[in-house]
Amino acid sequence: MTFLNPLLLFGLAAAAIPVILHLLNLRKLRTVDFSTLTFLKELQQSKVRRLKLRQILLLIIRTLMVIFIVLAFARPAMRGSLPSTFGGGAASTIAIVLDDSYSMSAADESGERFAAARQAALNILSLLREGDAAYFVKLSDLPRITVEPATHDFGLLAEIIGKAKPSFVTRTQREGLAAAVALMEASRDVNREIYLVGDFQKSSLGTNTPVVGTEGGRPDSAGGTASGAIPPGPASAGQVVPDPRERLFLVGVGSKDLDNASVDSVEVLSRIFEKNKPVEVSAVVRNNGRSALRDAVVSVFDGETRVAQSNITVEAGSSGPITLSFVPRRSGFFPGRIVLEPDELEVDNTRYFSFDVPGRIRVLVAGAGPEDTRFLLPALKAGSVPGQESILEIVTARGKGPGSANLRDFDVLVLAGIPAFDQADAGRVRDFVDGGGGLVLFPGSETDAGNYNSRLLGPMNLPVIRGTTGGGAAETGLYFREIDFDHPLFSTIFETKAGAGDSRRLSPAILRTLDLRGTPQSRSIITLSNGNGFLIEQPVGAGRVALFSTAPLLSWGDFPMKGLFAPLFYRTVVYLATGAERPSQVTVGGELSFTLRTPPSGSAQMRYTVRLPDGVDELVTASPSPAGMLFRYSPATLPGQYELRGGEAALALRPANLDPGEADLRLASEADVDSMVFRMRFTPGQVRRLAAGGELPARIIEARIGTELWKYCLFIVLMLAMVEMYINRHARGEAAVEA
């Protein structure tokens, strides 16, 4: 037994008042006999004894009433497994871990969940006393600790907590709990408590592997244990194990699952981008609700302009894809977003994407002689839209390599019929591709296979030349066995979708070809009947290479005369320049990177900034990179488009999107939470579950020291008062009868 207000026990002295009054009523009085009252002596002795007994009983009742009233104000409590309390002699260190993920902005009939969690954190803070210390951890700030070292300025800490808002950065509750356990290692206080405050959303626990055990216990809402929980598992390497004296309070907000739908992912299907040419975008819509999502509107926006719209139906608990097509009407960066119609949580209904519609593609075409580029140059010019200026800026070179041109000035390098490479030229070509350039390679009549393999193909891990089939005098008997019509190169070449049977029909008469075999890193876009590659694509460094096994010469076959040749070659060049690499998907909280292959003019004195989705500009600096100028920005704390700017010019665009897992608002079961907590080596006796609300401080105190008994004291007082009323009423009734 302990008392939370022990000073009030001095009030027990008031219990002497009824005794004193009783003794005063028993004073010895002088007896005076009256002859007329002598008949009173005939009263039965039993009635006198009953009167004295009633008086003693009332004395006891009134004394007990005073005692229990004083005890109620002194707040007695039964000690439990957590005997210490703030202000109870020893100082305490606590760590408040607040889940501020964007799912906490959801609301139910009790209001916004984050508002309830923030108030719960303030209620916990109200229990601190002089000499105590507190850490504060917002999940979005990890791995940085929001308030560290532990503070004794609880007013400042309350101000920090009061200003907290939901964040778009997602961290797991397990990460927050691990950080708090590590903080507690620095504490020397006897009392150490960790408060994990959040909605305990299943997707944000940090473990997707529930474990069912047969021993141990599970913490329940009353501070006890329930059977069937998992026992603490073994500590993993590097894991900080909580001290047995530490206590963990799981403070939950939100009492039920909420329906919600979200856009989980977006992918730009098109890989070649040209003005006034259609672009396809695919998205996945997930329905986490309990009822079907019927004919929901999904839209594509170019900035603030809607450019496409469609409807989707998704059954409860499942997801579904949707593809939308639109036509960009301008060149430059496309700041796109896919938006689902509003629902319970609107922030996850938008997902961002971007691509670059080039206004100009710089191409260097280098051939050993005029014959090697005779068909290539007209094919590049034929690809432009009639009545519009071509997006290709073509520069030609002659000789045994790319010449003296600065390759960084070009987007694509076409090498046709180059007999051999010296060491310097081969190194320049490799650096060009590694830095993000596109390379189209055609053989020639004088191609030195050994030179190509040793200086260019081998060092770049490309398919090497194994020999030559045919001599050019007669057909080799080879033909197109398979064409990958799903490749972006063929997305707009044919009016109707071509099939497997069209490969042989589209095949040229092949008189001579190199023996090139695909590798695990490459993709055979066109495969010959002998299994070798006719057109092979492979990424190299930040760039990409397209290898043709046949030269664009009539002595090698009639490929340059086929209708497929011009559009295939043109689109290969555009593809390597604009769509060979999809922009990496960046989740909010991660790092954005921008690479400029060619520095803008005046770059030495230029001021570079990243414009955030809210319009704020932040300075960035370039770091050296084989691909050119590399800019890094971290962390991306907002969803939306991030624009790299040099002065007033936009140089690159990157989107950042929310973690889709947070969109699932289903709450974790006790078993799920157990899996997370006990794997971190907490024991059942260290853990308590509490609900956020106005009674949270009282529940915390009860959990620390046991159950308070003041309510029972007041109940006893009430019962005693009723007994006293009954005795008094019965006495008055007897007196009335005797009268």
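In this text, all values refer to a predicted model and were calculated from it rather than measured experimentally.
- The minimum heavy-atom distance between S549 and G533, with the atom names listed, is OG-O, 3.1 Å.
- Using cut-offs of 30° and 60° on the angle between ring planes, the pair F565 and F559 is perpendicular.
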I would like to know whether Q641 and F333 meet side-chain contact (heavy atoms from CB on, under 4.5 Å); could you show each step before the answer? CA-CA 11 Å; Q641 305 287 356; F333 299 113; over 6 Å; no
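- A donor-acceptor pair shorter than 3.5 Å cannot be found between the side chains of Y633 and E591.
- Annotation: side chain of F594 is in contact with side chain of V610 (closest heavy-atom distance under 4.5 Å).
- Nearest approach of A405 to L364, heavy atoms of both residues: CB-CD2, 4.0 Å.
- When every heavy atom of V314 is checked against every heavy atom of S319, the shortest pair comes out as CG1-CA, 3.8 Å.
- Aromatic pair Y575/Y570: ring centres not closer than 6.0 Å.
- The side chain to side chain contact (heavy atoms under 4.5 Å, CB included) test with L441 is passed by exactly one of L456, V414, V429, L462: L456.
- Formation of a donor-acceptor pair under 3.5 Å by the S454 side chain with backbone atoms of G450 is found in this model.
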Using the rule given for side-chain contact (heavy atoms from CB on, under 4.5 Å), can you reason through L576 versus L439, listing the C-alpha separation, both sets of side-chain angles and the distance that settles it, and then say yes or no? CA-CA 8 Å; L576 294 179; L439 172 64; 5.8 Å; no
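- The shortest distance between side-chain heavy atoms of T373 and R398 falls below 4.5 Å.
- Taking CG of L407 as the start and CG of D431 as the end, the distance is 9.0 Å to the nearest 0.5 Å.
- The structure places CG of N288 at 5.5 Å from OG of S262, a figure rounded to the nearest 0.5 Å.
- Between the CG atom in L506 and the CD1 atom in I483 there is a gap of 5.0 Å [rounded to 0.5 Å].
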Verify side-chain contact (heavy atoms from CB on, under 4.5 Å) between T637 and F168, making sure each step is shown before the conclusion. CA-CA 6 Å; T637 58; F168 298 110; over 6 Å; no
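- Taking 4.5 Å as the limit, some side-chain heavy atom of L269 sits within range of a side-chain heavy atom of T323.
- R607 places no side-chain N or O within donor-acceptor distance of the main-chain N or O of L619, the cut-off being under 3.5 Å.
- Between T469 and L478 the shortest side-chain heavy-atom distance falls below 4.5 Å.
- Ring geometry for F355 versus F334: interplanar angle under 30°, hence parallel rather than tilted (30 to 60°).
- For the pair R544/Q538, no side-chain contact is recorded, criterion being any heavy-atom separation below 4.5 Å from C-beta on.
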Test side-chain contact (heavy atoms from CB on, under 4.5 Å) on L324 and E280 and set out the steps. CA-CA 6 Å; L324 299 100; E280 283 191 338; over 6 Å; no
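- F490 pairs by the ring pair (Phe, Tyr, Trp, His ring centres under 6.0 Å) definition with F485, not counting sequence neighbours.
- For the pair R455 and F421, the cation does not sit on the ring face, since its NZ or CZ is not both under 6.0 Å from the ring centre and inside 45° of the axis.
- One finds the CD atom of E341 at 10.5 Å from the CD atom of E346 (value rounded to the nearest 0.5 Å).
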Using the rule given for salt bridge (charged side-chain N to carboxylate O under 4.0 Å, His left out), can you reason through D484 versus R523, listing the C-alpha separation, both sets of side-chain angles and the distance that settles it, and then say yes or no? CA-CA 9 Å; D484 184 359; R523 178 179 181 180; 2.5 Å; yes
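- Checking side-chain atoms of T476 against main-chain N and O of I510 turns up a donor-acceptor pair under 3.5 Å.
- Looking at F301 and I338, their side chains never come closer than 4.5 Å, going by heavy atoms from C-beta outward.
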Between R362 and E393, is the salt bridge (charged side-chain N to carboxylate O under 4.0 Å, His left out) condition met? List the steps. CA-CA 5 Å; R362 296 156 296 176; E393 181 181 325; over 6 Å; no
Would you sort out whether E304 and R337 count as a salt bridge (charged side-chain N to carboxylate O under 4.0 Å, His left out), showing the intermediate values? CA-CA 9 Å; E304 299 301 322; R337 55 191 172 101; 3.3 Å; yes
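- Of all heavy-atom pairs between A636 and V588, the closest is O-CG1, 3.2 Å.
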Assess whether side-chain hydrogen bond (donor to acceptor under 3.5 Å, both in side chains) is satisfied between D515 and N532, documenting all intermediate values. CA-CA 6 Å; D515 289 340; N532 289 346; 3.2 Å; yes
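- Considering only heavy atoms from C-beta on, W556 comes within 4.5 Å of L514 through its side chain.
- Here the side chains of T587 and N657 are not in contact, with every heavy-atom distance at 4.5 Å or above.
- Distance CG/L340 to CG/L293: 6.0 Å, rounded to 0.5 Å.
- Proximity of a side-chain donor or acceptor of R611 to a complementary backbone N or O of E643 within less than 3.5 Å is not detected.
- For the pair R351 (side chain) and D264 (backbone), a donor-acceptor distance under 3.5 Å is present.
- Minimum interatomic distance between A542 and G435 (heavy atoms only, all atoms of both residues): CB-C, 4.0 Å.
- With hydrogens and angles ignored, the 3.5 Å screen pairs no side-chain donor or acceptor of D372 with any backbone N or O of G367.
- Taking the ring axis of Y642 as reference, the NZ or CZ atom of R654 does not stay both within 45° of it and closer than 6.0 Å to the ring centre.
- Judged purely by atom type and a 3.5 angstrom limit, Y452 has no side-chain atom pairing as donor or acceptor with the backbone of G458.
- The main-chain N or O of D617 is never found under 3.5 Å from a side-chain atom of T609 such that the two would form a donor-acceptor pair.
- In this structure, G477 and Y479 approach most closely via the heavy-atom pair O-CD2, 3.7 Å.
- For the pair S507 (side chain) and F480 (backbone), a donor-acceptor distance under 3.5 Å is present.
- From D558, atom CG reaches atom CG of L511 across 7.5 Å, with rounding to the nearest 0.5 Å.
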Run S491 and R571 through side-chain hydrogen bond (donor to acceptor under 3.5 Å, both in side chains) and show every step you take. CA-CA 10 Å; S491 59; R571 289 182 64 81; 2.8 Å; yes
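- The backbone N or O of I465 sits less than 3.5 Å from a side-chain atom of N453, completing a donor-acceptor pair.
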